[in-house]
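To start, the structure under review is shown below, and the notes come after it.
Naming convention: chains lettered A, B, ... in sequence-line order (proteins, then strands); numbering from 1 in each chain.
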Amino acid sequence: MQEATDPIDAPRASSLDLSADKIHVWRGDRHVLRGAGFAVKAGELLHVAGPNGTGKTTLLRVVCGLLRPEQGAVSWCGRPIDAIRAEYQAAMAYASHEAALKSDLSALENLRYSVGLKRRVGDHELRDTLGRTGVAACADLPARVLSAGQRRRVAMARVLAMRAPLWLLDEPFTNLDSKGTALMCRMLEAHLDGGGLALVVAHHALALARPIRRLELGE
Amino acid sequence: MQEATDPIDAPRASSLDLSADKIHVWRGDRHVLRGAGFAVKAGELLHVAGPNGTGKTTLLRVVCGLLRPEQGAVSWCGRPIDAIRAEYQAAMAYASHEAALKSDLSALENLRYSVGLKRRVGDHELRDTLGRTGVAACADLPARVLSAGQRRRVAMARVLAMRAPLWLLDEPFTNLDSKGTALMCRMLEAHLDGGGLALVVAHHALALARPIRRLELGE
Amino acid sequence: MWTWFYRLASPPHVYRTAAALTPWFFAVAAVTIGYGLIDGLAFAPPDYQQGDAFRIIYVHAPSAWLSLFAYTTMAFAGAVALIWRIKVGYAVAAAAAPIGASFTLVALVTGSLWGRPMWGTYWAWDPRLTSELILLFLYFGVISLRQAFEDPARGDRAAALLGIVGVINVPIVHFSVYWWNSLHQGGTVMRLGKPEMATSMLWPLLAMLFGFMCFFGAVLCMRLRGEVLNRERQSTWVREAVKP
Amino acid sequence: MGGYARFVWPSIGLALGVLIWNVWAARRHHAQALVRARRALAMARSEES
Amino acid sequence: MSIGAFPAMRLILRRELRLYFRRPDQLLQPLVFFLIVTTLFPLALSPRLSLLRDMAPGVLWVAALLSSLLSLETLFKADAEDGTLEQLALSGQSLGVIVIAKTLAHWLVSGVALVAMSPLVATALAIPTDAFPVMFASLALGTLTLSWLGAIGAGLTVGLRRGSVLLSLIVLPLAMPLLIFGASATDRAIGGESPAGALYFLGALCVFTTSLAPVAAAAALRITLE
Amino acid sequence: MSIGAFPAMRLILRRELRLYFRRPDQLLQPLVFFLIVTTLFPLALSPRLSLLRDMAPGVLWVAALLSSLLSLETLFKADAEDGTLEQLALSGQSLGVIVIAKTLAHWLVSGVALVAMSPLVATALAIPTDAFPVMFASLALGTLTLSWLGAIGAGLTVGLRRGSVLLSLIVLPLAMPLLIFGASATDRAIGGESPAGALYFLGALCVFTTSLAPVAAAAALRITLE
Ligand code: HEM
Ligand SMILES: Nc1ncnc2c1ncn2[C@@H]1O[C@H](COP(=O)(O)OP(=O)(O)OP(=O)(O)O)[C@@H](O)[C@H]1O
Ligand SMILES: Nc1ncnc2c1ncn2[C@@H]1O[C@H](COP(=O)(O)OP(=O)(O)OP(=O)(O)O)[C@@H](O)[C@H]1O
Ligand SMILES: [Mg+2]
Ligand SMILES: [Mg+2]
């Protein structure tokens with residue numbers, strides 16, 4: 001428990017920025033994203049909001065590079081993400097709608113094998129991180145038996161442990177109890193204070209003590 | 001759109017009640033439920049709350065009869081639910097953590113084949129119900145392509161269309177936008193006004209214009 | 001009548017009765033198996049066709065019978081438990097399965113070893129042999145199905161059901177030699193009235209058979225006690241019984 | 001054994017071996033159940049106090 | 001209040017068929033498997049192709065059994081995974097109704113299709129046309145019986161992590177008599193002998209399982225759904 | 001910043017192996033299937049059991065091919081369904097690394113186990129002990145080749161709804177030469193002839209696929225992940 005916030009790769013931290021420009025995506029017959037765009041700098045958070053089914057998740061998948069838009073491009077530090085794939089992915093932590101846990105592996109093992117691909121990390125530190133998200137007791141239970149909120153907290157710990165400067169979170173408050181929601185907010189604050197960036201999809205206002213940029217989809 | 005609220009089987013509506021007494025459940029080595037109990041009458045709502053992993057979902061599964069508790073029993077109108085299984089199930093609508101939709105069937109078909117087992121119902125009425133939960137446009141899309149919130153709204157429509165006097169809802173506000181949340185609250189009000197009962201698991205306070213009974217787990 | 005029956009089948013009663021019966025079963029089994037082995041291996045005359053190879057019968061036939069008997073016991077106990085909700089039945093079924101499986105294996109291996117000198121091959125795809133192999137698969141299925149459940153109560157019920165469904169195989173094993181023309185020889189002992197065997201060969205065989213049955217009884221009782229303990233861990237009588 | 005020793009003795013050996021294994025396994029089974037029951041008792045006591 | 005058992009059965013049957021036809025792969029999977037296994041054999045035997053004709057009934061039946069078994073695995077599993085099995089179980093209908101409807105649907109799409117495709121395979125395996133009627137009858141009876149047996153196995157293993165191996169371990173031993181009589185009926189028909197005995201036996205097995213398996217499979221589901 | 005390709009491969013390999021051993025059924029599934037298919041054949045052939053010996057290599061190879069193929073289906077599918085494949089793809093490691101690690105893990109648990117169990121099955125099929133070394137070698141090479149081929153197929157079909165049929169359709173034609181030469185190598189060894197030609201061919205196939213398949217499979221995965 002040496003560090004209170006996660007130190008992010010220092011040298012680049014000041015010059016980081018993420019932008020998307022005129023993104024168009026069709027899904028089946030629906031023109032889901034019609035020219036969405038934004039720009040976020042180090043220390044900033046973008047709150048993506050909008051009614052159900054207006055393309056928030058779709059936008060996040062475009063930003064993390066899982067979906068190629070029909071038009072438009074996403075850039076990281078000024079370069080299109082397709083050109084710097086490996087570097088961009090190393091700098092990014094994505095948490096999707098589902099917790100993305102292997103149900104037969106314990107919470108700790110799940111973290112070990114996913115965070116471990118991004119950076120060298122020991123079990124001790126991962127246990128600490130699980131403790132910080134309030135699921136230390138579940139570290140050795142198979143993910144299959146965890147409750148919905150516990151799974152979400154493990155996914156939260158994964159994002160934390162990756163120490164990535166860019167967080168892409170899809171409805172991270174889902175299934176969390178009130179303490180969990182407050183914890184998530186504190187984590188976001190600390191991340192931004194450390195020079196990180198975050199894109200957060202959420203239906204409710206975020207209770208952060210700083211101005212928040214907002215992208216409203218589906219008007 | 002003939003009816004504004006769903007008419008519930010009139011004759012019994014006044015005498016309905018659901019109670020659970022000293023429920024004990026072990027999960028693995030954990031004694032998850034330690035003597036939980038409650039009683040709800042027609043027109044009442046029980047809000048089940050508590051931190052993550054304290055057994056709210058487990059309790060709901062016991063109440064709907066999917067899980068047999070090691071000790072204790074659940075009674076519907078004074079009789080244990082095991083003894084009147086078919087009758088109890090006909091009077092109950094359960095919405096679990098997941099939306100429980102077949103991803104290859106359209107939203108409408110999903111409703112047709114699940115609501116259809118409880119009562120004779122036409123596609124026209126089901127379309128109406130989908131409209132009331134705001135997903136009329138998705139009626140003919142396969143559930144696989146729906147967004148998280150849209151799936152949840154379809155599940156909501158299923159509960160509504162079953163016209164059951166007893167609703168058991170596990171975190172029904174998940175993934176819903178603010179309009180969806182308000183809609184869900186209105187639906188609950190109407191259901192209770194019509195003499196229905198409801199058990200609702202939720203992490204946030206319910207914005208209903210009536211006194212709510214609360215069961216706090218995990219003290 | 002029913003209350004009497006339920007009391008008889010109550011876990012503490014079964015636990016004590018099994019403990020009391022175990023040494024008697026063991027004693028009888030030791031005497032008869034000892035006599036059977038010595039008489040069968042040393043004193044019975046060699047078969048005029050098979051020579052000394054026939055002596056394998058003294059372990060082959062009893063274990064083969066036992067494999068069928070244990071399966072029937074298991075299925076019957078499971079049925080009793082499922083139908084009348086007598087929980088001890090599950091314990092009996094769980095206790096019988098591994099014993100039965102082990103004797104099925106003995107029957108298969110000793111049969112193979114006997115087959116080599118008699119038929120010139122260790123294995124043939126003969127109805128009796130195949131159905132006995134299926135019996136082994138069924139035992140494995142029942143055992144692993146029980147273990148596959150994290151909740152022991154559900155595992156018990158599922159295994160009991162599979163045991164009942166699979167009991168259909170027992171008559172197939174037994175009658176296969178009559179229904180199909182088979183390499184394997186038909187009944188020699190069970191054919192009442194017309195024993196095909198010299199009495200000097202027959203007595204040790206009967207002794208072994210009886211001894212194996214008693215042995216089954218003894219081991220079943222021991223395992224049964226373990227199973228009952230496992231199932232009743234939370235009850236007060238077990239707490240009294242195991243108080244150190 | 002009239003030339004059949006290599007078939008007869010392994011058979012007898014296996015059968016005796018399985019008899020012994022059965023006794024050993026059954027005893028161990030019961031012993032483990034006892035241990036587990038005692039552990040449950042100890043846990044119950046510590047919870048009560 | 002809730003609808004009767006027969007309309008419920010019809011509704012579930014329709015749901016199942018629609019699902020199968022929505023996913024043509026589930027429909028085609030057993031057929032393709034059947035085709036592939038039967039074509040692989042001649043290839044593997046290429047040095048001794050003369051054997052093919054004698055083995056044909058065996059190959060045919062093994063392929064039919066395996067392909068039917070493979071598709072049985074998902075009988076309840078898919079529904080269990082997406083939560084719809086819970087909804088079915090809580091629908092107020094008895095589990096027996098659900099089991100019967102689902103199993104019949106499975107047989108309609110796997111068994112019947114298999115029978116329909118068997119002439120193709122049989123021709124490739126050099127089975128004479130005279131033997132086709134017997135082959136049809138035996139395959140139809142055999143696949144139906146297998147569907148029932150499989151329903152029991154699938155019910156017992158649904159929700160288990162070790163499900164799929166256990167399913168084969170449970171069902172195949174029970175299905176072996178089927179295989180023996182099915183293959184021998186076809187074999188006798190090819191040889192010009194009377195297959196009546198084997199066919200009667202298959203019929204008896206089919207009647208037997210049809211009457212008992214729904215009860216057993218419903219009991220299995222009740223145990224595992226808990 | 002991110003770890004190198006080799007440690008990443010080791011990490012994924014360890015993850016895979018742990019997952020297989022956590023789910024013994026996935027581990028046992030191909031083996032049990034292999035055993036059962038080889039048991040079914042003699043039963044189905046019971047009227048003409050004398051053929052068994054001549055068919056043995058064919059039965060062995062078809063069973064091996066099918067059981068290996070069945071377990072290939074889940075190579076990427078399980079990860080795709082629970083969302084962990086996305087996480088892997090976004091881990092900053094190249095897809096090639098992921099493919100190689102996963103395929104090797106698959107071969108280690110399915111191919112090697114199959115080779116280890118083949119003597120048992122071979123004995124039951126009356127294959128003489130002299131032919132075992134050739135059988136081991138041909139099965140080892142064959143299953144590795146098949147794993148690579150299967151990786152391409154699995155990469156192409158993951159995420160497609162029509163996955164499994166396509167997988168068989170894609171992989172099996174590619175696997176035919178494997179089957180023919182594998183069976184003929186074993187057959188020749190049984191007959192006491194020299195299996196060298198067939199074995200060389202198997203070896204060449206194995207080298208060829210080992211060098212090209214990872215690239216192809218990664219490309220396939222990239223197309224379907226999108
Ligand atoms: C792997 C090979 C074999 C297997 C699986 C096998 C299986 C069995 C079974 C299951 C029984 C009990 C039948 C019943 O109670 O209805 C049995 C009995 C018997 N077996 Fe075998 N057997 C095998 C090989 C042999 C051989 C090679 C011989 C001798 C040539 C033999 C001789 C006998 C005899 C004499 C009996 C007692 C028959 C009676 O009185 O019912 N078995 N065997
Ligand atoms: N194949 C398709 N055909 C038609 N519409 C589609 C198809 N695939 C996706 N869609 C639509 O595209 C939209 C996808 O939205 P997305 O999942 O991004 O929504 P979201 O903003 O994240 O919503 P939520 O708040 O519910 O999570 C949905 O409205 C969905 O119905
Ligand atoms: N096999 C098991 N071994 C140990 N613990 C288990 C096992 N199965 C379930 N649990 C625990 O039981 C609890 C189940 O809780 P349940 O899903 O009912 O929680 P919940 O109150 O609904 O939580 P949430 O708000 O997160 O949905 C969890 O704490 C879980 O870790
Ligand atoms: Mg979304
Ligand atoms: Mg919950």
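Contact of B:R112 with chain E is made through backbone and side chain together, with heavy-atom distances under 4.5 Å. With a 4.5 angstrom heavy-atom cutoff, E:L85 does not touch chain B via any of its atoms. With a 4.5 angstrom heavy-atom cutoff, E:L90 touches chain B via backbone and side-chain atoms both.
Taking CG of E:L19 as the reference point, atom CD of B:E109 lies at 8.5 Å (rounded to 0.5 Å). Between B:M92 atom CE and E:S91 atom OG the span is 9.5 Å, to the nearest 0.5 Å. From E:I3, atom CD1 reaches atom CG of B:L117 across 5.5 Å, with rounding to the nearest 0.5 Å.
Between the E:Q87 side chain and the B:A95 main chain, no donor and acceptor come within less than 3.5 Å of each other.
Chosen from E:V97, E:T84, E:I12, the residue pairing most often with chain B at heavy-atom distances under 4.5 Å is E:T84. Ranked by heavy-atom pairs under 4.5 Å with chain E, the list B:A99, B:S114, B:G116 is led by B:G116.
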### Query
Where do E:E86 and B:E98 land on the side chain to side chain contact (heavy atoms under 4.5 Å, CB included) test, with the steps shown first?
CA-CA 11 Å; E:E86 277 179 5; B:E98 316 127 66; 5.9 Å; no
### Message
Could you go through E:R15 and B:K102, starting from their C-alpha distance and side-chain angles, then the distance that decides it, and tell me whether this counts as side chain to side chain contact (heavy atoms under 4.5 Å, CB included)?
### Response
CA-CA 10 Å; E:R15 174 193 122 124; B:K102 277 276 156 212; 3.6 Å; yes
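Pairing each heavy atom of B:A86 with each of E:G92, the nearest pair is CB-O, 3.9 Å.
Under the rule for a salt bridge (Lys or Arg N to Asp or Glu O under 4.0 Å), the partners of B:E44 that lie at least two apart in sequence or sit in another chain are B:K41, B:R213. Take B:D21 and apply the salt bridge (Lys or Arg N to Asp or Glu O under 4.0 Å) test, not counting sequence neighbours, and it matches no residue.
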